[in-house]
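In what follows, chains are A, B, ... by sequence order, proteins preceding strands, each numbered from 1.
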Amino acid sequence: MRFTKTFIPTVKEVPADAEIPSHQLMIRAGLMRKIASGTYAYLPAGWRCLRKIMQIVREEMDRAGALEITVPFVQPLELWQRTGRDVDYGETLGRFVDRHGRGNVLTPTAEEVMTHLAAGEINSYKQLPVNFYQINLKYRDEFRPRFGVLRSREFIMKDAYSFDADEAMLERSYRAMYNAYCRIFRRCGLAYVIVEAESGEMGGSGSHQFTVPCESGEDTIVYTEDNAHAWNIEKGPVDPLQKQDAARPVALVQEVHTPKVGTIDEVCGFLKVQARELVKTLVHSMGDKVVLALVRGDHELNPEKLTQAVGGAHIEMADEATIVKLTNAAVGFAGPVGMAEKVAMILIDPAVAAMAEAVTGANKTDYHLKHVVPGRDFPTEADNVRVVDIRNAVEGDTFDGKRLLFRRGIEVGQVFKLGTKYSGKLGAKFSDAEGVEKACLMGCYGIGVNRILASAIENGHDENGMILPISIAPWEVIIVPAGATDDVRLAAERLHAELLSRGIDVLLDDRDVRGGVKFKDADLLGIPVRITVGQKSLAEGQVELRPRTASESRRVGLEEAVDETIAMIKALKDMLHVDAQ
RNA sequence: CGGGGUGUAGCUCAGUUUGGCAGAGCGCCUGGUUUGGGACCAGGAGGCCGUAGGUUCGAAUCCUAUCACCCCGACCA
């Protein structure tokens, strides 16, 4: 490929609306341009990167026995209503009504359609297992797209759905995907971490996330100090805190006047106490039922753990009217005392149960209670009261006695066991060997194609530009003729032609610009190998070879240049090699 | 959706406080000199100052509304 025949509009200035390195560099290197918030046009170089990633994904999915198909981007709303996910997804689900008045959704994921498809086609255990996948566009109406393609409204996702007859078969399908993902991310050159994840409302029984550690990531990974275990913060367990012994007998509950003091910070300031001495009473709605969640003032509720604690039901923060009706007080003054009879359920975090005494809301506007003792002043155990881990791990927590550490990461893939959540609702059933009809056991497996590129750049760049793994770089080699003589031009042309004929993905920078411009763009584009054809070295029958990661180039004879280049490419590829297994 | 910010040339931004000819750098076009790390000289093109309304002799600048984009927060296969 010739630079003058393709289209790579690089820019010197850092775009004003790009904050993180991958976003800035993808614009600067001419990989893509923004069209609207969270939507991007990919230009030739960027699209080449994505195509290479998709090809790796495709090869490994095929190798694992999954079958590539494609299902509609526009899907009937009715299917989503049947699983209830039109409600669960809420505003994030893009929808439109067509001219016939039919409801449609822009697919953010395809469990419904894939399961619906399987329901019509799969009848017998003899057809199982089967795993369908597709690589195509997804849409989510994100409340806040950001970080370039890390959180965009449109993105390319590989999504796969397995259908199995029993647990053992599902486990095999799951393992096959898990292994395929390891191979895919390794081949893409990503330093990934596998974390145990929460499957939340997906209704699963097992899930792993493939995460690339990096500062710009939106997910938090928790891991033990010995690196033996890692979790998404949504799932990260914590050891229960030790029950605090009261220094002296705790006084009886005392009501204190706290005018207009509704938030944790305000209460701390007003009563001169630490946040850790407070209990937050978070009122939730689960359908038409009210559920209280109690966490310590300095802790954060973990919505995923809460969902698990209520058996996977849809649960959300209650609106103001519900809170006022329940507590007879303004928002900010809810407390657990006397609530057990008034709500469907109270879930108490172990850290709260361990408190010797606490400050809580008084269920009375402008009043709080001091000296509230869990177990004495409100029950910690009853038919509808339970102590259960519902908070995020924080600095200082341990698991299994080991200190927990935290880092941020980008989720590039996730594998779920779904069980029968969708197959049950959408009728994906089969007859087993005994003629008994059963719902298929399902798994689903996603990979964010754009995120692979972005996370590779986040962890692969320097002050000059991107440093891409050779498997996903737009080209493997760039030839830079430095010098305006015919000799230089002809030597570069010859190298270009020879490398092409040897099947190498090569870009010849044939632009009529100064050498400096070409060097800058070659670095910016992150092409792994650069051949410089210069006047002086050429006069000595040599060209220069330099990997993007090296600061110095190496001279090689013109005649050996092609073989040396191919050897360098092979060495770079070998670093990403996975065994044939 | 709440809080904050920004909309002026293709890009990055001055100019807005205190109303008075539309600006700079980069990029682009032409010619020349250059040619190994984003060259130089000369000339040139390019803007309904986000949009709509208002105030005023006069509005990029003041007022009102509206839209877009960015950041922080609440959310998320």
Side chain of [X]: nearest nucleotide among [options]?
X	options	answer
Phe519(A)	rG37(B), rG27(B), rA74(B)	rG37(B)
Lys34(A)	rC72(B), rC70(B), rC76(B)	rC70(B)
Arg530(A)	rC69(B), rG37(B), rG36(B)	rG37(B)
Arg514(A)	rG38(B), rG36(B), rU34(B)	rU34(B)
Arg146(A)	rG38(B), rC71(B), rC69(B)	rC71(B)

> What pairs with Arg2(A) under side chain to side chain contact (heavy atoms under 4.5 Å, CB included), at least two apart in sequence or on another chain?
Replying inline: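 Side chain to side chain contact (heavy atoms under 4.5 Å, CB included) check on Arg2(A) returns Thr4(A), Lys5(A), Glu493(A), His496(A), Leu508(A), Asp510(A).
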Should the pair [X] and [Y] be assigned to parallel (<30°), tilted (30 to 60°) or perpendicular (>60°) ring geometry?
X	Y	answer
Tyr174(A)	Tyr178(A)	tilted
Tyr40(A)	His23(A)	perpendicular
Trp80(A)	Tyr89(A)	perpendicular

> Which residues pass the salt bridge (Lys or Arg N to Asp or Glu O under 4.0 Å) test with Asp462(A), sequence neighbours left out?
Replying inline: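 For Asp462(A), the residues satisfying salt bridge (Lys or Arg N to Asp or Glu O under 4.0 Å) (neighbours in sequence not counted) are Arg548(A).
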> What is the minimum heavy-atom distance between Asp164(A) and Leu170(A), and which atoms define it?
Replying inline: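 Shortest heavy-atom separation between Asp164(A) and Leu170(A) comes out as OD2-CA, 3.4 Å.
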> Quick one: on RNA chain B, does Lys12(A) or Arg151(A) contact a more 5' nucleotide (nearest heavy atom)?
Replying inline: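 Counting from the 5' end, the first nearest nucleotide belongs to Lys12(A).
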> Considering heavy-atom distances to RNA chain B, does Arg511(A) or Phe143(A) have its closest nucleotide positioned more toward the 5' end?
Replying inline: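 The residue whose closest nucleotide sits nearer the 5' end is Arg511(A).
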> Think Ser37(A) has a side-chain N or O under 4.0 angstrom from the OP1 or OP2 of rC70(B)?
Replying inline: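 Answer yes for this pair, as a side-chain N or O of Ser37(A) is under 4.0 Å from OP1 or OP2.
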Whole-Å [atom1] distance, [N] and [M]:
N	M	atom1	result
rA59(B)	rU18(B)	C1'	14 Å
rG3(B)	rG23(B)	P	39 Å
rG15(B)	rG25(B)	C1'	15 Å
rC62(B)	rC21(B)	P	16 Å
rU56(B)	rC63(B)	P	16 Å
rC76(B)	rU61(B)	P	43 Å
rA60(B)	rA22(B)	P	8 Å
rG47(B)	rG58(B)	P	26 Å

So [X], base contact, sugar-phosphate only, or nothing? Heavy-atom distance under 4.0 Å.
X	answer
Tyr161(A)	nothing
Val480(A)	nothing
Asp523(A)	base
Ile35(A)	nothing
Ser537(A)	base
Arg33(A)	nothing
Arg546(A)	base
Glu112(A)	nothing
Glu91(A)	nothing
Met157(A)	base

If pairing requires Watson-Crick or G-U wobble contacts with both distances under 3.5 Å, which nucleotide is the partner of [N]?
N	value
rU64(B)	rA52(B)
rC76(B)	none
rC57(B)	rG20(B)
rG10(B)	rC26(B)
rC69(B)	rG5(B)
rC40(B)	rG32(B)

> Can you find an N or O donor on one side and an acceptor on the other, under 3.5 Å apart, linking the side chain of Glu13(A) with the base of rG10(B)?
Replying inline: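 Result: no qualifying N/O pair found.
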> Looking only at N and O atoms, is any donor in the side chain of Asn464(A) or the base of rG37(B) less than 3.5 Å from an acceptor on the other one?
Replying inline: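 In this structure, the two groups form no donor-acceptor pair.
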> Looking only at atom types and distance, does a side-chain atom of Ser285(A) sit under 3.5 Å from a main-chain N or O of Gly287(A), one as donor and one as acceptor?
Replying inline: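 Judged by distance alone, no pair lies under 3.5 Å.
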> Would you say Gln414(A)'s side chain and Glu411(A)'s backbone share a donor-acceptor pair under 3.5 angstrom?
Replying inline: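 Checked: no pair found.
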Which protein N or O atoms sit under 3.5 Å from an N or O of nucleotides 41-44 of chain B?
none

Can you tell me the distance, in whole Å, between the [atom1] atom of [X] and the [atom2] atom of [N]?
X	N	atom1	atom2	answer
Leu524(A)	rC11(B)	CG	P	18 Å
Asp88(A)	rC75(B)	CG	P	16 Å
Arg489(A)	rU35(B)	CZ	C1'	15 Å

> With a 4.0 Å cut-off, would you call Arg296(A) and Asp349(A) a salt bridge?
Replying inline: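 No, no charged N to carboxylate O under 4.0 Å.
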>> So that I know where these two stand, are Phe210(A) and Phe185(A) an aromatic pair - ring centroids less than 6.0 Å apart?
In response: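 Ring-ring flag for Phe210(A)/Phe185(A): true, centres closer than 6.0 Å.
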